[in-house]
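For ligands, and for the atoms within them, numbers begin at 1 and follow the listed sequence.
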Amino acid sequence: MSRGDMAKPLLGHRSTEGDPSITPAAGRTIGVLGSGDFARSLAIRLVCSGFKVVVGSRNPKRKASLFPSAAEVTFQAEAVKKTDVIFVAVFREHYSTLCDLADVLAGKILVDVSNNTEINHHKESNAEYLASLFPACTVVKGFNVISAWTLQSGARDGNKQVPICSNNQEAKRTVAEIAQIMGFTPVDMGCMSSACEIENIPLRLLPAWKIPIFLALGLFLCFFTYNLIRQVIHPFIREQKNKLYKIPIEVVNTTLPCVSYVMLSLVYLPGVLAACSQLYYGTKYRRFPDWLDQWLQHRKQIGLLSFFCAALHAVYSLCLPMRRSHRYLLIETAVKQAVEKKMNIWVEEEVWRMEIYISVGIIALGLLSLLAITSLPSIANSLNWREFSFIQSTLGFIALVISTLHTLTYGWSRAFDENQYKFYLPPTYTLTLLVPCTVIIAKVIFSLPCIQHRLLRIRRGWEKGRYVKFVLPSATGEYSSGETSSNV
Ligand code: NAP
């Protein structure tokens, strides 16, 4: 970044000089109807962004002290007369009480900021209802996704999106410009029919996370039960030993890495399936089945949950020596060795296994952290496509390979030890290896030049069995054209 760039404010008033189509928004008067939480925060933010603000209240004298001194607080009708753009910071139920203002509001832009308490609560959106009450006004839906708190504290990374819609392009542009000057990112959602969708946005509870969370919980439950049988139920039935104390930490800590590792492989498995489908059908234009489409869209959330489980596993592992049970067992072992007069307890192979296992685990966690950080919108936006795909695809795959090494060094030779097969159940780590190894093998196969080349051609638009026009250089260096089958 040049020194000149550094001197420029990150969020500032957009220059409108030399562009006659853009009305200079900063400095203009903006009206706010209502004097509640949202109106107050909005007024503060507008004043801070360089606008003149006039607030319309039913009781201006009582409410004036709540607003910054730069904002004028007056009666509703007075306020409306002084401006062309009015934010209606009033609940839908009270819109009808504003009908007395219909004459003074005629021809003005009304910004509907309202939210509902339930998804699709009313037949028509609040904005459409407002438009039906004031047919002589132009209604713009927007700012409902911003809370009063965010308005006051500011869009810190300048990246908070404000979806906006209206049937009037000019009005939409004016409101979008106001949002931009306030430090938000306006997103054009089209015409008024999108208002319902915009009003539902703040009411949705983690819509993109539902499937990944259920997936993680399902995997956790399966692996937890499996580990419980092996670590607690088996010693109780076979040796009458009470190992219930293992449940809160040890069983959980052997379950978390299994979930994390399998989830990480599930981030890359849909890509493998998509590539298989493209190779099989010889085209990229055939739609993937819905389930695969959904899976591809949830990869980010699956990856973040994988990182979450890995981070918990690291913390749990660090806490293992703090447990009372660990101290007792350590002392017990030491006493046993002293009684047996064993002086040298050093097992070289075990030492090396543990050193490699921990080191590889730390590297895998580091890579997962990098993947998680770069999937945050503010960081992802600062990367170009190549950097983003290098981190998410190449480094992600390397993280999967390193996690596999971590798992293998943990398991070491246990898969070949028959004592490890409790109730004939193989050690948990052997089960977790199934999907990740399939993904790794598939990726290796796809990287073979002949397959990679075919996949690359398909992704550039080549289709099996379709005749395309080709252009070939002739012996004389001139180009001749003709028709051929593209899969030849
Ligand atoms: P609020 O604190 O209850 O304020 C509502 C204001 O509406 C009152 O202060 C009142 O101001 C005015 N009003 C006008 N006619 C009214 C009437 N007949 N009865 C009662 N009040 C009347 O609500 P708010 O939290 O500011 O929310 C206002 C709007 O913003 C709502 O549509 C809400 O969905 C939306 N919104 C709020 C937030 C938020 O974080 N609070 C976020 C997004 C959207 P006067 O007494 O001065 O007339």
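Given atom 40 (O) of ligand 1, the protein heavy atom at minimum distance is Ala148 N, 2.9 Å. Among all non-hydrogen protein atoms, the one lying nearest atom 38 (C) of ligand 1 is Phe38 CD1, 3.3 Å. Scanning the protein heavy atoms around atom 11 (O) of ligand 1, the nearest turns out to be Ser35 N, 3.1 Å. Nearest protein heavy-atom neighbour of atom 4 (O) of ligand 1: Gly36 CA, 3.2 Å. Of all protein heavy atoms, the one lying nearest to atom 3 (O) of ligand 1 is Phe91 CE1, 3.4 Å. Nearest non-hydrogen protein atom to atom 28 (C) of ligand 1 is Ala89 O, 3.4 Å. From the protein, the heavy atom lying nearest to atom 48 (O) of ligand 1 is Arg58 NE, 3.0 Å.
A 6.0 Å sphere centred on OH of Tyr357 holds more than 12 heavy atoms belonging to other residues, nucleotides or ligands.
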* I would like to know whether Val111 and Ile86 meet side-chain contact (heavy atoms from CB on, under 4.5 Å); could you show each step before the answer? => CA-CA 6 Å; Val111 185; Ile86 300 134; over 6 Å; no
* Step by step, work out the ring pair (Phe, Tyr, Trp, His ring centres under 6.0 Å) result for Phe87 and Phe143. => CA-CA 9 Å; Phe87 284 79; Phe143 283 87; 5.2 Å; yes
* To do: Under the side-chain hydrogen bond (donor to acceptor under 3.5 Å, both in side chains) rule, what do Asp112 and Asn126 come out as? Steps first, then yes or no, please.
  => CA-CA 8 Å; Asp112 182 293; Asn126 297 349; 5.1 Å; no
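Under the 4.0 Å criterion applied to side-chain N and carboxylate O atoms, Glu250 and Arg323 are assigned as salt-bridge partners. Salt bridge annotation for Asp84-Arg28: absent, with no cationic side-chain nitrogen under 4.0 angstrom from a carboxylate oxygen.
Atoms of ligand 1 lying under 4.0 Å from any heavy atom of Asn115, numbered from 1 in the order shown and given with element: 34 (O), 43 (C), 44 (C). Shown in contact with Thr97 at under 4.0 Å from a heavy atom are these atoms of ligand 1, numbered in order with element: 15 (N), 18 (N). Annotation for ligand 1: atoms under 4.0 Å from non-hydrogen atoms of Ile146 are 42 (C), 43 (C). Ligand-side atoms of ligand 1 in range of Ser114: 32 (O), 34 (O), 35 (C), range being under 4.0 angstrom from any heavy atom. In the vicinity of Val113, heavy-atom distances shorter than 4.0 Å reach the ligand 1 atoms 30 (O), 35 (C), 36 (N), 44 (C). Which parts of ligand 1 touch Gly34 is read off a 4.0 Å heavy-atom cut-off, strictly below it: atoms 11 (O), 12 (C).
Thr255 is listed as a side-chain neighbour of Val251, based on a closest heavy-atom distance under 4.5 Å. Using a 4.5 Å cut-off on side-chain heavy atoms (C-beta onward), Leu431 and Tyr226 make contact.
Under 4.0 Å from ligand 1, the heavy atoms of Asn144 that appear belong solely to its backbone. At a heavy-atom cutoff of 4.0 Å, ligand 1 is contacted by the side chain of Lys63 but not by its backbone.
Here's the thing with Arg92: none of its N/O atoms is less than 3.5 angstrom from an N/O atom of ligand 1. Note: no N/O pair closer than 3.5 Å links Phe143 and ligand 1 by distance alone.
Between the side chain of Ser194 and the main chain of Met189, a donor-acceptor pair closer than 3.5 Å is present. A donor-acceptor contact shorter than 3.5 Å is absent between the side chain of Lys443 and the backbone of Thr438.
With Glu72 as the fixed residue, the salt bridge (Lys or Arg N to Asp or Glu O under 4.0 Å) test singles out one of Lys81, Lys52, Lys82, Lys63: Lys82.
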